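All figures in this text were calculated on a predicted structure; none of them were measured in a lab. Every number for a ligand or one of its atoms is a count from 1 in the order of the listing.
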Amino acid sequence: MTNPAPAIFPPSGIGDARPANQAVLDWVHDIAALTEPENIFWCDGSERENEFLIAESLNQNVLIKLNQQKVPRSYLHRSNPNDVARVEQCTFVCTPTKEEAGPTNNWSEPSEMYAKLRGLLKGAMRGRTLFVIPYMMGPSDSPLTKVGFEITDSKYVVLNMRIMTRMGEIALKRLGNDPNAEWNRGVHSLLDINPERRFICHFPQDNTIISVGSGYGGNVLLSKKCLALRIGSYLARTQGWMAEHMLILGVESPEGRKHYVAAAFPSACGKTNFAMLIPPAHFKGWKVTTVGDDIGWMQIRDGRLYAVNPENGYFGVVPGTSYKSNPNAMKSIAHDTIYTNVALTDDDDVWWEGKDGPAPSHAVDWRGNDWTPESKEKAAHPNSRFTTPMRNNPALDSDVEKGDGVPISAIIFGGRRSDTVPLVYQAFDWNHGVYLGATMASETTAAAAGTVGKVRRDPMAMLPFCGYNIGQYFQHWLDIGKRLSSQPLIFNVNWFRKGVKSQFLWPGFGENMRVLKWIIDRCEGTGGALKSPIGWLPSPHDLDLAELDIDHKCVAEILGIDHEEWAKELAEHKIFFDSLGGVVPKQLLDQRERVAARFKE
Ligand code: OXD
Ligand code: MN
């Protein structure tokens, strides 16, 4: 028997979309000289290239083909079990001085970190292909849009970046030939997926990211947390705009009045669910549409804040996603989706804890082991993910590609708090709102490695993502407020408050529309509220609770503020501010004093 002829790698016309910009070519040349790959593959983002890379990934077991009747054009990837979440302890902001990175970031002196990373990258791509991914963050005609290049030795990264960004030709066109044009340099190598050699490093002054030793999305899809948030927030401050860990949604009334709101929640607190909310039957004629589910870039125009979603897809948490919790997400991930670390059923479908219907009697779990409902281990990893293009979302907002962005009427902060924090309240003004954001906290989740369920302060949900000194970041927020003649109203929400029996007091999901409606009413000047020490609070009859099966005692409890709990909370705000070592602007320290004084009135 003769061996089949070896495949020609890559077939002609694939992997040769070399950019014209000499600065990019020189940089790729440098990285290739360092990493010594077998091939260089210049990605163009085309359908043909994607098909080729999927076929290769199936051959090399990087992807598993799913049942194409059940989930057309969808695949499963299993990551190394040591590599399933963002690793904040391995994430660095490398600025000339430690003060520039500030008290909340791991810091390293840039030349030392470059030397260490160059040592790790030396020869790292021997026998591998070096992929060059040109990508664009933001709509093609937006002044906020940024171009990045990611070099990677992972096909999984290329396939995901094609979903998450506007990749290929469109980015090359936007960059053009100017050797001095602004673009982000991103280098990623899997190395040997060893937690000891895992570093995710940002060099804001050089617009550069280097990530080694991981294959997990949040660490390696450099467009997302690394560029759009860490480097993005640094650029935003120097250039006068905002890069935030925020979903953006549109709410339209039956009469056709439309508002947009941006909302910051820490990882895995239901941002994707909120961004895709379907109003309950009682809200007939109301529509919620998604602009983005994770990141908002905002600029000031005519004294107002306008937001764009820089991404092109969703990288969402799978467990708990169902037709009950998020029908739009279920429809979005029913095709053209890459699943990471979910379970595989015997008929090659995907399964996870919290999916509709009964659990399968047998499956293969995220590690590749046999699983049955009696197994002690979870079938899907708690941080298993879907990567799906935003065009799959039935509720996609019609202005998602609008370069100017959408006007923001309200900003919402929120976290996962079992106690203390009421369902919703409104800040008295912008600076008070910045204080709400700066002191927000949440119980930790599986999105980041470490303990789950511990309350940690997570200012504006940016603790792991602010690429510079958090004190200057707070000041940037205060400064933006001064430049706005029409400021969005600022709110805080908590869907997760629990009662004495540890039961959730609020049904959440689609019913969050009732809270959103109050927020919109406040924006329109029609919603009622009571003045409380912590802000404007709705009384139970200010919320539209019609046709909701909820106990009146529950409503009172969830809207209540307990003075003892708040005394503790305010003490914790002080401990947090103090822990930042004197970087917190005086206006925010004063805000805390004012809340404390209002409790004494
Ligand atoms: C995410 C995160 O993946 O915030 O969006 O961790
Ligand atoms: Mn996120």
Side-chain angles (χ1 to χ4, degrees), residues 77 79 83-91 104 137 156-157 160-161 163-165 200 202 211 214-233 242-249 262-276 290-297 307 309-321 326 329 332-333 337-342 380-388 390 393 412-416 437 440-452 456-467:
H77 171 78
S79 77
D83 186 31
V84 292
R86 285 185 292 99
V87 275
E88 291 171 14
Q89 69 279 16
C90 309
T91 302
T104 54
M137 298 303 282
Y156 171 78
V157 167
N160 278 271
M161 287 291 281
I163 298 174
M164 294 304 297
T165 71
I200 297 97
H202 306 75
S211 166
S214 171
Y216 170 74
N219 300 327
V220 300
L221 307 179
L222 301 185
S223 57
K224 193 174 179 63
K225 302 304 181 182
C226 300
L227 171 55
L229 289 179
R230 296 196 191 96
I231 298 283
S233 59
M242 303 174 91
E244 298 299 330
H245 192 197
M246 287 181 174
L247 67 92
I248 307 156
L249 60 79
F265 296 83
S267 309
C269 281
K271 278 213 300 295
T272 307
N273 290 347
F274 193 39
M276 296 183 181
T290 321
V291 178
D293 80 324
D294 194 39
I295 296 171
W297 282 357
N309 170 14
E311 300 193 280
N312 201 30
Y314 309 126
F315 180 65
V317 177
V318 179
T321 307
N326 192 340
S332 304
I333 63 180
T337 294
I338 298 174
Y339 288 91
T340 301
N341 291 341
V342 297
H381 187 275
N383 193 36
S384 50
R385 296 281 176 148
F386 56 75
T387 318
T388 202
M390 68 178 179
N393 178 2
I412 304 175
F413 295 117
R416 187 181 280 271
M440 69 189 245
S442 193
E443 288 149 24
T444 48
T445 67
T451 327
V452 170
R456 79 162 178 181
R457 298 288 139 192
D458 188 350
M460 285 79 172
M462 284 289 278
L463 183 73
F465 306 122
C466 181

Sum of protein N, O or S atoms, each under 2.8 Å from the Mn ion (ligand 2): 3
Any chance the side chains of T444 and R416 put a donor and an acceptor closer than 3.5 Å? no
Tell me whether E88 is salt-bridged to R230, with the criterion being a basic N under 4.0 Å from an acidic carboxylate O. no
Can you find an N/O atom of K225 closer than 3.5 Å to an N/O atom of ligand 1? yes
Would K225 and F465 count as a cation-pi pair here, with the cationic atom under 6.0 angstrom from the ring centre and within 45° of the axis? yes
Which of the numbered atoms in ligand 1 are under 4.0 angstrom from any heavy atom belonging to D294? 5 (O)
Kindly confirm or rule out an N or O of K271 lying under 3.5 angstrom from an N or O of ligand 1. no
According to salt bridge (Lys or Arg N to Asp or Glu O under 4.0 Å), who are the partners of E244, at least two apart in sequence or on a separate chain? none
Quick one: which ligand 1 atoms are inside 4.0 Å of a heavy atom on H245? 4 (O)
Can S211 and N219 be counted as having a side-chain donor-acceptor contact under 3.5 angstrom? no
Check the side chains of T321 and N326 for a donor-acceptor pair under 3.5 angstrom, ignoring hydrogens and angles. no
Which atoms from ligand 1 have a heavy atom of R385 less than 4.0 Å away? 1 (C), 3 (O), 6 (O)
Below the 3.5 angstrom mark, is there an N/O of S267, backbone or side chain, next to an N/O of ligand 1? yes
Minimum heavy-atom distance between G215 and Y156, given as atom pair plus value: O-CE2, 3.6 Å
Side chains of Y314 and D294 only: does a donor on one sit below 3.5 Å from an acceptor on the other? no
Any chance you could measure N393, atom CG, to T290, atom OG1, to the nearest 0.5 Å? 4.0 Å
